[in-house]
Undergrad: 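Take this structure, written in structure tokens, and hold onto it; I'll ask about it next.
Just the heavy atoms: all of them, side chains too, but no hydrogens, waters or symmetry mates, feed the values below.
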Amino acid sequence: MKRKIISALLCMVLIAGITACGAKKNDTSTDSKTETKEEKSDVKADAVDQTKVYVSPDWVQSVIDKNQVESENYVILECAWGEEADDPAYEEGHIKGAYHMNTDSVESEEFWNIRSPEEIEKLLGEYGITKDTTVICYGADGANSADDRVAFTMLWAGVENVKCLDGGLEAWTKADYSLEKGSNKPKATKEAFGTTVPAHPEYISSIDDVKAKLEQDTNFKLVSIRSEDEFLGKTSGYGYIDKAGEPKGAIWGHDTDDGSYNKEDGTTADVSVLEGYLKESGASLDNELSFYCGTGWRATIPFLLCYENGYKNVTLYDGGWYQWQMDDSLPVQVGDPASADCVFTTVGELSDDKAKK
Amino acid sequence: MTLLEVLLLVGAYIVQYFTRKKMGMARYVVYKNRSFEEAYPLQILKNISVVVLAVLTMLLLAAVIKKWNRMTKHQIVMSVVMTVLTIVSIVFTMKNSTEVLRAYYFISPMIAAAALMQILKTGIGIFTGGKKHEK
């Protein structure tokens, strides 16, 4: 009898727990902020161009220390998937003043593409960001592309000065700069964003753009920023994508997750590395390039590399393999396109058992 | 409650927990939500499940009231648990959606299944169970 009552109570607690997990938690920023190191910082670093994306920890600290032009108006975003309360990285310690940015805030569930201009503009306002705000994004480490994804969204929207902490939080702690704990809540701005969102729609290629260019434009190269196994169609790379392959005509630009775009110290490689990968497939930075991956994270890294080096002939194909494989009629390649074994078929003919286990 | 019912509820909690904590799980759930919405008339199924659970529970409660003097403590407790689970299942199903809880299409059927199992057990218990021992 007692056991039955206890098990009934246990079930009620579990159900309450499920419901509580789903409800938005009201964050109360009452945690006291504590810095892991008490120190007065006065770091000075060389100024960087507005279009420079990947910046050093020294530069970011010099912004915080009010030694840069950008110090007047900046926001630091700790970029990761998930709510702040579920982000152990933010809780364990973040750069002083950083706000948590859940990548779901910039992506919609339909194709995990960047949200509508109205949603992004509203989000920017909630974070106190106008086109004149310097936005500094960072992720866990140099290979992590959450911050690049958010940074790309900022640039697309129209923020004029967007940075990514090169090497991520890993580089920050290696540089021995301090972290703080506690939660920072963004202060919304009443100011208008300052330009129409998106200011740069040309940064994104839609699936229709890509389909048309693959058929008609020999100068156009669709560059897969995925692992070799994904490119060869051995796996989709994702637990929620059943089919594997690549859009027909795609070339391989190597993966970012495996460090192919990082130096040994974890910072971002030079654009010459990308150039080398393109050369493997007979392409170059002179081609019109559109980078893609599964859902648009990894592909932002070569885009940003090109952006900061002044290349204007590059876009992000946001829909990636995820959106491509939703249309049974679209042409695909399975295998190395340079080899005779490559199979050219359509999405509808692909097997459904290639989801990542 | 049986182990299976507890496992269903624990399973529902686990799905929700990992949907919040792991991006891969969250995206998998979103992908499955889309598949479910395309394959099944979910609104109709939701309404049917709510009605079925409510009607069965009320019928059994009517039987409990009718047989009150012959109910054992065990049968009464089962009836209470059944009622609680049914109410929780119905309220959860009606008040939530995939917008509130991404894993809603997973959790709601699990809780409903646990409630249904409890209804069946209670029904069997009431109609085949022993009589109250009189002092």
Undergrad: Step through the shown structure and confirm whether more than 12 heavy atoms of other residues, nucleotides or ligands are within 6.0 Å of NZ on A/K122.
TA: no

Undergrad: If I take atom CD1 from residue A/I241 and atom OH from residue B/Y28, how far apart are they, to the nearest 0.5 angstrom?
TA: 13.0 Å

Undergrad: Start with the C-alpha distance between B/Y31 and A/D242, add both sets of side-chain angles, then the distance that settles side-chain contact (heavy atoms from CB on, under 4.5 Å), and finish with yes or no.
TA: CA-CA 10 Å; B/Y31 158 69; A/D242 294 331; 2.3 Å; yes

Undergrad: What part of B/K32 gets within 4.5 angstrom of chain A, counting heavy atoms only: side chain, backbone, both, or neither?
TA: neither

Undergrad: Counting only heavy atoms from other residues, nucleotides and ligands, does the tally under 6.0 Å from NZ of B/K21 exceed 12?
TA: yes

Undergrad: For the side chain to side chain contact (heavy atoms under 4.5 Å, CB included) test, which of A/W81, A/Y322, A/W112 pairs with B/R27?
TA: A/W112

Undergrad: Please classify the contact of A/D104 with chain B as side chain, backbone, both or neither, using a heavy-atom distance under 4.5 Å.
TA: side chain

Undergrad: Any non-hydrogen side-chain atom of A/E109 less than 4.5 Å from a side-chain atom of B/E99?
TA: no

Undergrad: Evaluate whether atom NZ of A/K211 has more than 12 neighbouring non-hydrogen atoms of other residues, nucleotides or ligands under 6.0 angstrom away.
TA: yes

Undergrad: So for atom NZ, which belongs to B/K22, do other residues, nucleotides or ligands contribute more than 12 heavy atoms lying within a distance under 6.0 Å?
TA: no

